[in-house]
Each structure stands twice: as C-alpha cells, then as structure tokens.
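Comments concern the structure below.
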Amino acid sequence: MPELPEVETIRRSLAPVAEGQRIMQTEIFLERLVKWPEPADFVGRLADRTIVRIGRTGKYLRFLLDNGNELILHLRMTGQLRFMAAGQDEMPPYARLVFRFAGGASLYYADARTLGAVYALKPDELWRLHGLMEMGPEPLTAEFSLGYLRETLQGHRTKIKSFLLNQKYIGGLGNIYADEALFLAGIHPLRTAASLHGPEVASLYGAINEVIRTGIADGGTTVRNYLDGAGKKGSHQERLHVYQRTGKPCHRCGTPIERIVIGGRGSHFCPRCQLLEEESV
DNA sequence: AGCACTTCCTGATAGC
DNA sequence: TGCTATCAGGAAGTGC
C-alpha cells in the first residue's frame, strides 16, 4: 500500500519523464474513480494542458498544470502509475485511466481494487478535497517538530496506533510505517496517545522520521503490489521488523512477533520490546 | 468534539 | 481441483 515513502518514490520516478509533457487525450476506463468534476469535464480540463511540476502532499500526488489547475491522485491500496515512453506503450493489468501525451508517451493509472481517487481541480476548488486540506504536518519537515508531536499527543485519548494513522495529526504514515515506528520507539500500539511521557515522545518522534527517511532511501516497501512509476519494486521490505512478520522472531529479542487488530487495522508488535506498562522505557 | 465503527472494493490466500 | 470464506486497509461517512 503506497504510503508517504512509496508515493514520494513514484513522484521522483515520474518527475523527470512526465514534467513538461502535454496531455493530448485522457481515456477513462472506470468512471467511478474520477471524483471531481464529472468525467466529461475532467477530460476537458486536462486537454492540451502541460504538466509543469509533480508534487506530493502526504499520500496525494499532485500534477500542477500550466493553467494553475491540478490533477490530483490518491492511490489508496492498490493504485499504480506507469509511465510508458513513446513506442513502448503497453496497457498494464487493471488499467483504469490513461493520459496520452503529445509525442507518443503515456501515463497509465492502474488499480486492482479500484479504491483510488482522481480529481482535476481549480485552485478555488481544493476545499473539496478535505483529506488534502486538513492534512497534518509531514515527517522530516520543520512543521513536524518534537513540540508539535508532544502537544498533539496530549490532546487525544485514542490509541497511539490509530493516532499515527490519522492524517490530520501526521501526514503520510500508513499501516506499515506506523507499526515500524512503534517498534523502533519500543511503544505498544494499544497505549493511548496522551499516556506517552517525555522520553517516549522523543523516541517516537525520532522513530517516525527514521522509518520515513529510510523508506524513501529504499525506494519504498513492496509487500504486495507496490511499484514505482517505472515499474520498479522498493527494497524496504527487507528491513521490516514487525509488519507482516507475525510469529517470526523479533530482531531484537527473539520473541515471536504478535498481531492484533486496532481500529480495524492489523497491528504487529513485539510483546517483549513494546510493553503496555509505562515503565517500558 | 472526539472517537469507534462501518463501508467501499476485489485479488490473493487459506481451508475444505 | 475447485469452490467458498476470509483478509488486506485508507479515508469518508455514520452514530454515539
């Protein structure tokens, strides 16, 4: 599932080849994925527009167009973008949308489970995308400071695992990196946000930045079907300590990794390194 | 307001 | 082998 490091890797793989391309034609194979505006208007807004820059906010990919409008995509669980150079055009499996460029190259949006979302928005329509507008600060930015994390944690009684997944508080974390950050920080996922004390908050802060930094450096985590814009896998799966390692020995102490469900999400942790009691640090 | 729960969606996998 | 049930989970919506 693409989280911040995966979306950033996709952005980096697409920027050199897609920036400067002019969209000649947009074909929609599954209209349900186009959330705004209506498909006919969506296609019209993109026609003849040039992609100026590809940006990212949290897990949203943002294609800035030459008239100030934006093509915005959220890949959710199984969305993929595949750039095809002129002449190598082949339709990837589960293709749902294709943008054809002047000069013959094309960009496919593929999505097996069709949970993704695509928008073509004018600047004064961005408010429609609540998830984007209400996104919290991202790891590795000045805005995401230790003080910010401490204060935000204090105001919430929800479980720390659910807190980390809430994009309003921190932008870009998903299930994989949330579990990994909690392991690195030695914090049990069922602890409440407000219960974390000073050293734990500092440890969690460092761990969040660390997993995101190494995730990006590794080109993302390919556990199911994630690929970047050129079809390449990431390598961060080789560094995972707990995610999808249920029953396997903890890399630190050898205790089998456990899996529980929190807020409907599978949560993986080491029952010895991540104690529920507060004197665990 | 904050939090928990439900829904969407279908390929992969487990179990029989 | 082939069928069915379960699971994966981000974000929006619902309800307490």
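Reckoned from all heavy atoms, side chains included, excluding hydrogens, waters and symmetry mates. Here the structure is a predicted model, which is why all the values come from computation and not from measurement. Every chain is numbered from 1, with letters handed out A, B, ... down the list of sequences.
Residue whose closest nucleotide on DNA chain B sits further toward the 5' end, between Tyr169(A) and Gly263(A): Tyr169(A).
The environment of Glu38(A) atom CD is sparse: at most 12 non-hydrogen atoms of other residues, nucleotides or ligands sit within 6.0 angstrom.
Listed nucleotides dA4(B), dC9(B), dA11(C) differ in distance to Lys159(A); the shortest reach to its side chain belongs to dA4(B). Residue His74(A) places its side chain closer to dG10(C) than to any other of dC3(B), dG10(C), dC9(B). Side-chain proximity of Leu115(A) to dA8(C), dG11(B), dG10(C): nearest is dG10(C).
Between the CG atom of Leu129(A) and the P atom of dA12(C) there is a distance of 8 Å, given to the nearest Å. Following rounding to the nearest Å, Arg259(A) (CZ) and dT6(C) (P) show an atom-to-atom distance of 15 Å. If you take CG of Asp111(A) and P of dG11(B), they are 11 Å apart, rounded to a whole angstrom. As rounded to whole Å, 11 Å separates atom P of dC9(B) from atom CZ of Arg113(A). In this structure, Ile72(A) atom CD1 and dA11(C) atom C1' are separated by 15 Å, rounded to whole Å. The distance between atom CD of Gln244(A) and atom C1' of dA14(B), rounded to the nearest whole Å, is 15 Å. When rounded to the nearest whole Å, the span between CG of Asn175(A) and C1' of dA11(C) equals 13 Å. Distance Tyr226(A) OH to dG10(C) P: 16 Å, rounded to the nearest Å.
Taking the six-membered ring for Trp, Phe99(A) and Tyr109(A) have ring centres at least 6.0 Å apart. The aromatic ring centroids of His156(A) and Tyr169(A) lie less than 6.0 Å from each other. Between Tyr243(A) and His236(A), the ring center distance fails the sub-6.0 Å criterion.
Under 3.5 Å, the side chains of Tyr177(A) and Glu6(A) contain a donor-acceptor pair of N or O atoms.
Using a 4.0 Å cut-off, some side-chain N or O of His156(A) falls inside it from OP1 or OP2 of dC3(B).
The base of dG10(C) sits with one of its N or O atoms less than 3.5 Å from a complementary donor or acceptor on the side chain of Arg265(A).
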